[in-house]
Each structure stands twice: as C-alpha cells, then as structure tokens.
> 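One structure coming up, written as structure tokens, with questions to follow.
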Amino acid sequence: EGCEACNNVGYKGRVAVYEVLPVSVQIRDLILKQASADEIKLAAVKEGMKTLRMSALTKVALGQTTIGEAVATTGSDDF
C-alpha cells in the first residue's frame, strides 16, 4: 500500500544488492587460463556464488523490494 513517507510504494530506504566472486582454486585456474567471463561465472555459480540477479530475487522473497526493481536493476543470468 504505502504512505506519504515512502511515496506510496510500501518501501523506504535502500537495500544493497551485490555479487561476490570467491576466488577458489578452480576459479583461479580459469582466470589464469584466460577463460571467458561466462565460463568463470558459471563455475562460480556451480560452487555456490549468488549472481546479482539471484541476490535481488532473494530480496524480493524477503519482502525487501519488488520484482520490478529487482529486474530493472540487474542483468539477466544468461551464460
């Protein structure tokens, strides 16, 4: 619903959406072999990394933002 304080959107303030790439041995090896960004990202996701889009969608599930904001502020996870 919202109110005057939140401009009638139901949310107020900012929430960080981030992507952190832990550099494991496998990721390091891919970097040294000059693998593509997509190959590195896919390997990192397989190791448990959350992409920016995944992080945003988690915030949606927690009720911290809207699906519209999550989609508008993050790129797709095409590999």
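These numbers come from a predicted model, not from an experiment. One-based numbering along the sequence shown.
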> Please check if L21 and L30 belong to a single hydrophobic cluster, counting links between Ile, Leu, Val, Met, Phe, Trp and Tyr side chain heavy atoms closer than 4.5 Å.
yes
> To the nearest 0.5 angstrom, please state how far the CG atom of L42 sits from the CG atom of D77.
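Output value for this atom pair is 10.5 Å.
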> Tell me the closest heavy-atom pair linking A44 and I27, and the distance in Å.
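A44 and I27 have their closest heavy atoms at N-CD1, 3.6 Å.
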> Check whether the side chains of K50 and T58 place a donor and an acceptor atom closer than 3.5 Å, and report yes or no.
yes
> Test of understanding: clusters of I, L, V, M, F, W, Y form through side-chain heavy atoms closer than 4.5 Å, transitively. Do I31 and V45 belong to the same one?
yes
> Indicate whether any N or O donor in one side chain lies under 3.5 Å from an N or O acceptor in the other, for S36 and E39.
yes
> Between R28 and K33, is any pair of side-chain heavy atoms under 4.5 Å apart?
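When only atoms from C-beta onward are counted, K33 and R28 do not touch, as no gap falls below 4.5 Å.
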> For E47 and S24, what are the C-alpha separation, side-chain angles and deciding distance, and is it a side chain to side chain donor-acceptor pair (under 3.5 Å)?
CA-CA 9 Å; E47 290 183 359; S24 66; 2.8 Å; yes
> Checking the side chain of Q64 only, and the main-chain atoms of K59 only, is there a donor and an acceptor separated by less than 3.5 Å?
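Answer holds: no.
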> Counting N and O atoms only, with roles assigned by atom type, does the side chain of T73 sit under 3.5 Å from a partner on the main chain of E69, one being a donor and the other an acceptor?
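The answer is yes, because a donor-acceptor pair under 3.5 Å joins these two groups.
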> What distance separates R53 CZ from T74 OG1, expressed to the nearest 0.5 Å?
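Here the interatomic distance stands at 3.5 Å.
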> When clusters are formed by joining ILVMFWY residues with side-chain heavy atoms under 4.5 Å apart, either directly or through shared neighbours, do L57 and M49 land in the same one?
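No, L57 and M49 fall in different hydrophobic clusters.
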> Looking only at non-hydrogen atoms, find the nearest pair between A70 and V60 and report the distance.
CB-CG2, 3.6 Å
